[in-house]
Amino acid sequence: MRLPVATGAFFALTAVMSGAFGAHGLRSLVSERTLDVFQTAVTYQMYHAIALVLVTLLSAAGLSRRLLGLAAGFFITGTLLFSGSLYTLVLTDIRWVGPVTPIGGVCFIVGWVLLLMAGIRRSV
């Protein structure tokens, strides 16, 4: 489970850096609405960075490594698709990536369902 914690730490690091860039570097370059979209990407990236670290901790607590590994994979994929597509929209104005964002959101949901299943299986 070293990959999820390392990826989570990397995602957290880059979320902090992206948040600072958005607050200081983008503020004068993009509209308030566009800045909100960028902040949404940062927020969801940080949430799921923390979730990846949590997955690693829960594996040490005896929850299903298989389900936790799958959840981690969906959190990573969701972050790349959801936050990545929003960053791309804001920074490049490439519009065809817009439909990718909801796919990332579905990955987040699947990851949380898998985490829920790991918790339920442990408690049964």
Side-chain angles (χ1 to χ4, degrees):
M1 296 298 289
R2 287 175 26 197
L3 180 64
V5 75
T7 305
F10 177 75
F11 281 173
L13 169 68
T14 55
V16 170
M17 294 167 63
S18 297
F21 173 68
H24 302 290
L26 283 181
R27 188 163 302 278
S28 63
L29 300 175
V30 299
S31 71
E32 195 63 36
R33 170 70 181 126
T34 303
L35 199 56
D36 286 344
V37 170
F38 191 86
Q39 184 57 48
T40 298
V42 170
T43 301
Y44 277 79
Q45 181 176 335
M46 183 58 82
Y47 288 159
H48 292 88
I50 294 167
L52 286 165
V53 174
L54 176 66
V55 160
T56 304
L57 295 172
L58 291 173
S59 74
L63 272 68
S64 168
R65 291 178 67 96
R66 184 176 138 303
L67 289 173
L68 293 173
L70 287 169
F74 277 98
F75 290 152
I76 291 167
T77 303
T79 300
L80 295 173
L81 295 176
F82 184 89
S83 295
S85 65
L86 293 180
Y87 290 139
T88 301
L89 279 168
V90 169
L91 297 174
T92 68
D93 205 32
I94 296 173
R95 293 285 169 211
W96 65 263
V97 297
V100 172
T101 308
I103 297 168
V106 169
C107 289
F108 288 152
I109 293 167
V110 171
W112 287 107
V113 167
L114 289 164
L115 188 57
L116 173 66
M117 289 172 57
I120 290 171
R121 281 203 179 160
R122 171 70 175 158
S123 62
V124 172

Worksheet item: Just how far is it from atom OH of Tyr87 to atom OG1 of Thr92, taken to the nearest 0.5 Å?
Response: 14.0 Å
Discussion item. Is there a continuous path of hydrophobic side-chain contacts, each under 4.5 Å between heavy atoms, that joins Val113 to Val110?
Written reply: yes
Item to complete: Kindly compute the distance separating CG (Leu115) from CG (Leu58), expressed to the nearest 0.5 Å.
Response: 6.0 Å
Response to the item:
In short, Ser83 meets Ala41 closest at the heavy-atom pair OG-O, 2.8 Å
Item to complete: Measure across Gly8 and Ala49 and return the closest heavy-atom pair with its distance rounded to 0.1 Å.
Response: O-CB, 3.3 Å
Discussion item. Quick check for you: to the nearest 0.5 Å, what is the distance between Gln39 atom CD and Glu32 atom CD?
Written reply: 10.5 Å
Practice prompt. Can you measure from CD1 (Ile120) to CG (Leu67) and round to the nearest 0.5 angstrom?
Written response: 10.5 Å
Fill in: Polar side chain donor-acceptor pair, Gln45 to Ser18, under 3.5 angstrom
no
Response to the item:
When every non-hydrogen atom of Leu89 is compared with those of Ile94, the smallest separation belongs to CD2-O, 3.1 Å
Worksheet item: Can we call the ring centroids of Phe82 and Phe108 under 6.0 Å apart?
Response: yes
Practice prompt. Search all heavy atoms of Gly19 against all heavy atoms of Val42 and return the closest pair with its distance.
Written response: N-CG2, 3.8 Å
Worksheet entry | For the student: nearest non-hydrogen atoms of Pro102 and Pro99, plus distance | CD-O, 3.2 Å
Discussion item. Quick check on the hydrophobic clustering: are Leu13 and Val5 connected, directly or via other members, by side-chain heavy-atom contacts under 4.5 Å?
Written reply: no
Worksheet entry | Pair Ser85, Thr88: side-chain N/O donor-acceptor within cut-off below 3.5 Å | no
Worksheet entry | Gap between atom CG of Leu114 and atom CZ of Phe74 - 0.5 Å precision | 6.5 Å
Practice prompt. Taking the six-membered ring for Trp and the full ring for Phe, Tyr or His, determine whether the centres of Trp112 and Phe75 are under 6.0 Å apart.
Written response: yes
Worksheet entry | Side chain to side chain, Thr101 and Leu86, heavy atoms closer than 4.5 Å | yes
Discussion item. When you group the ILVMFWY residues by side-chain heavy-atom contacts below 4.5 Å and let the links chain together, are Phe10 and Leu80 in the same group?
Written reply: yes
Discussion item. A quick test of your reading: do over 12 heavy atoms of other residues, nucleotides or ligands sit less than 6.0 Å from CZ of Arg95?
Written reply: yes
Worksheet item: Quick one: SG on Cys107 to NE2 on His48, what's the gap to the nearest 0.5 Å?
Response: 10.0 Å
Practice prompt. Using modelled atom types only, decide if a donor and an acceptor are shared between the side chain of Thr34 and the backbone of Val30 within a distance under 3.5 Å.
Written response: no
Worksheet entry | Cluster check Leu81, Trp96: I/L/V/M/F/W/Y, side chain < 4.5 angstrom | no
Discussion item. Are there over 12 heavy-atom neighbours, none belonging to Phe21, within less than 6.0 Å of that residue's CZ?
Written reply: yes
Discussion item. Taking the side chain as everything from C-beta on, heavy atoms only, tell me whether Phe38 gets closer than 4.5 Å to Leu26.
Written reply: yes
Discussion item. Tell me if a side-chain donor or acceptor on Arg121 pairs with a main-chain N or O of Met117 at a distance below 3.5 Å.
Written reply: no
Fill in: Joint cluster assignment, Leu3 & Ile50, ILVMFWY side-chain distance < 4.5 Å
no
Worksheet item: Are any non-hydrogen side-chain atoms of Val16 and Phe11 less than 4.5 angstrom apart?
Response: no
Worksheet item: For the residue pair Met46 and Ala12, what are the closest heavy atoms and their distance?
Response: CE-O, 3.5 Å
